[in-house]
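The structure appears below as structure tokens.
Since the structure is predicted, the reported quantities are computational estimates derived from the model, not experimental observations. Order of the sequence lines sets the chain letters (A, B, ...), proteins ahead of strands, with each chain counted from 1.
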2 protein chains.
Amino acid sequence: MSASTLSEVARLAGVSPATASRVLNGSARTPGPEIAERVRQAAASLSYVPNAQAQGLVKSKSGLIGLIVHDIADPYFSAIARGVQAAAREQGKMLLLATTNGTPAEECVAVAAFAARRADSIVIAGSRSIRPEDKNSNAELSAELDRYCRNGGRVGVMGHPVVGASAHECYHVVNVPNEELAAELVGKLAKIHSGTFLILGGPEGLLTSDDRIRGYQRGLKAAGLPPAEIVRTGFDRAGGYDAGLSLAKRILGGARHRHGVPQGAEARPCILAVNDVMAIGAVAALRSEGLRIPRDTLIAGFDDIETLRDFRPALSTVHLPLEDFGRLAALGGTSGGSADNEAEAGTTPAGRVMLRRSTETRALSQT
Amino acid sequence: MSASTLSEVARLAGVSPATASRVLNGSARTPGPEIAERVRQAAASLSYVPNAQAQGLVKSKSGLIGLIVHDIADPYFSAIARGVQAAAREQGKMLLLATTNGTPAEECVAVAAFAARRADSIVIAGSRSIRPEDKNSNAELSAELDRYCRNGGRVGVMGHPVVGASAHECYHVVNVPNEELAAELVGKLAKIHSGTFLILGGPEGLLTSDDRIRGYQRGLKAAGLPPAEIVRTGFDRAGGYDAGLSLAKRILGGARHRHGVPQGAEARPCILAVNDVMAIGAVAALRSEGLRIPRDTLIAGFDDIETLRDFRPALSTVHLPLEDFGRLAALGGTSGGSADNEAEAGTTPAGRVMLRRSTETRALSQT
DNA sequence: GCGCAATTGGCAAGCGCTTTCCCAAACAAG
DNA sequence: CTTGTTTGGGAAAGCGCTTGCCAATTGCGC
């Protein structure tokens, strides 16, 4: 005793299924007003719910848009998800969500699942990886995606094209100016900080991390400074925490022992984390070792995660309009020709450097 | 030139569609190994992707599970979503996500959409509301849900049954012991804090908020204390911030002017917020007015949001295993009979009071 | 009043898949 | 060698819906 069907409604209304279909779902041809009313009444009295699967089957589209993230509980991704969701709603579509822990292998199965469900478009939010161990999975992923595209799917990617993808015309990549913004952040920081810089990066091959690192180094160079040392660790809070622990030792050690070296430079480095959560993790670790921010070390993050904005000391970071990115990726040039898309990409909400307490050089006292 | 179909594969393999279906999708009858191989090869060479919509249509189930949240970017909901997602994956299903901003009206359309897509089950994560203005929408929502249930759908709800629902046997509600835990929190707080208590609540009629408030009052009573004043505000950070602003004035005013009143009691209240983000908002406001936590006022939250754990002063709160709740709601007694479910509900991971820095009464100095 | 176009409802053919029957072949038993 | 029993594959009937096409009705100009 499943839901009632269109034919049942039609029978009750005394019309053919064709007519019922035409009145209940936006068809070009609308039957006469009196018949329409009868059908609508019948539908209501049977509490008819159209079967979207059947509709999708015949129209060969599903009204679904698939979103792939590493972890939906990660605030970075959930912000993007909100944007994608909003875009979906605007288009009258529903959101299919898949999480992959960042592994291309799982992304691959997610794409396949979306393809099976005939998702109208799919958005990949997670950072691309070119680590050697992901090479095979990446190849499979791009194959799967290309196939999906060839069958008429559209895919939106954030930040980086999918490595190895070939059906370029189907891909809509939202440009995330990681490198530029990172450089800009460093530029501003270099003006107020005269000590050393130190980069807290994710694993090599993670494109987002690599971009930001490159930006940091470029900014340093532009400011006439030498490249900073890069500490590699996990791209999450735990990674930041671990690195923070060892950094704390170095900073404390450096301050204590190396009297010959310019005091200010070694004793109070500026840590450039490649994202906010790593920065937060590092701060937690530094604090647990008795260090204070910004007294003993400056630190900056990246992303400007909303939930973290009340963190003290307020974290200097780069604000990214993640929600807009999500929406853009989901819209994927839906509204307008490709020329418009180019323009759109140009006017992408671009992010903004936010200098806050965690990199304040004046006040040396307080937490 | 859409994706290739089963019949195409069958033709290529030189078998009937029936056979192809049998080998490519787990059927009871598995064709001979040599034929199976041929079919599989054909499928691979055509890069065949089964059409889940068609499959769903004939099997009249979709492999979809629908999740309804207020806002996916809210860490509370994204934690739950992670759990639901995990459960979905375990069952080999996909997650359909709908956000509603907490309005029953939008929840209603979400349920309808899920029903149309023939979601196998749906999970409602957002708090139920019994505010008078939501009465109609609630009725529609429960009607929609009941209909969905009658057609064989299962629904999992967190915390509270849907108001007005009647098809009880289809609902699986995971019990969130808000009241008990709130009481427990207050109990522990009452042991270390001798001043007044003050409740920072959400709008009246929001069940989660009301439960927690009731728990707070009950805990107070159990400790032999008078009921606390309740300040009503929005259930989010902004609400907490606003309330914090006015509270700050009162606290400052109280400390300055009312010398007759026992100093400790008025000057250093303990604020019991009904969730973490409100607490954080309040802290931000209090700080902006020059107050310090826990020096000038104690404060506790509820939920133990992960991203907020690095917040300083560490927020006393009630840890809720949100992810488990999500998983449980999604599993919905899938594994086992209803008797098991009862047991399961009993052994629900129950949450835990976390006393941290923000309610520390000893140290009166520092931030 | 007639012919024409325009309108309106119904028929039926699918969309891509599963599954129930049915049938032929293959085997065991008598 | 006949009969009963498996066995493995195919034919076909849908799942619930849309839509191209046709037939019937209507409206209109002349």
query = Does a side-chain N-to-carboxylate-O contact under 4.0 Å join B:Arg11 and B:Glu8?
reply = no
query = To the nearest 0.5 Å, how far apart are OH in B:Tyr48 and CG in B:Leu6?
reply = 3.5 Å
message = Measure CD/B:Gln53 against C1'/C:dG14 and give the value in whole Å, please.
response = 16 Å
key: Distance test, side-chain N/O of A:Thr19 to OP1/OP2 of C:dG10, below 4.0 Å   = yes
request  = Would you classify A:Ser60 as touching base, sugar-phosphate or nothing, given that sugar-phosphate means primed atoms plus P, OP1 and OP2, and contacts are heavy atoms under 4.0 Å?
outcome  = nothing
query = Which one of B:Lys59, B:Arg154, B:Lys61, B:Lys93 satisfies the salt bridge (Lys or Arg N to Asp or Glu O under 4.0 Å) criterion with B:Asp120?
reply = B:Lys93
query = Is A:Glu323 salt-bridged to A:Arg327, cutoff N-O under 4.0 Å?
reply = no
key: Donor + acceptor pair across side chains of A:Ser16, A:Thr19 (<3.5 Å)   = yes
inquiry  = Return whichever of B:Pro17 or A:Asn51 has its heavy-atom-nearest nucleotide of DNA chain D closer to the 5' end.
reply    = B:Pro17
task = Please report the closest heavy-atom contact between B:Thr99 and B:Ile72, naming both atoms and the distance.
result = CG2-N, 3.8 Å
Flag, side chain of B:Asn138 to backbone of B:Ser129, donor-acceptor distance under 3.5 Å = yes
inquiry  = Given 3.5 Å as the limit, does a donor-acceptor pair link the side chain of A:Asp74 with the main chain of A:Tyr76, or not?
reply    = yes
ask   = So where does chain A start and stop touching DNA chain D, 5' to 3', when the test is distance under 4.0 Å to a non-hydrogen atom?
value = D:dG16 to D:dC21
query = Over how many whole Å does the gap from A:Lys59 atom NZ to C:dG14 atom C1' extend?
reply = 16 Å
First encountered from the 5' end of DNA chain C, between A:Ala20 and B:Ala54 = A:Ala20
ask   = Using Watson-Crick and G-U wobble pairs with both distances under 3.5 Å, what is the 5'-to-3' dot-bracket string of DNA chain D, with [ ] for crossing pairs and | for pairs outside the strand?
value = ||||||||||||||||||||||||||||||
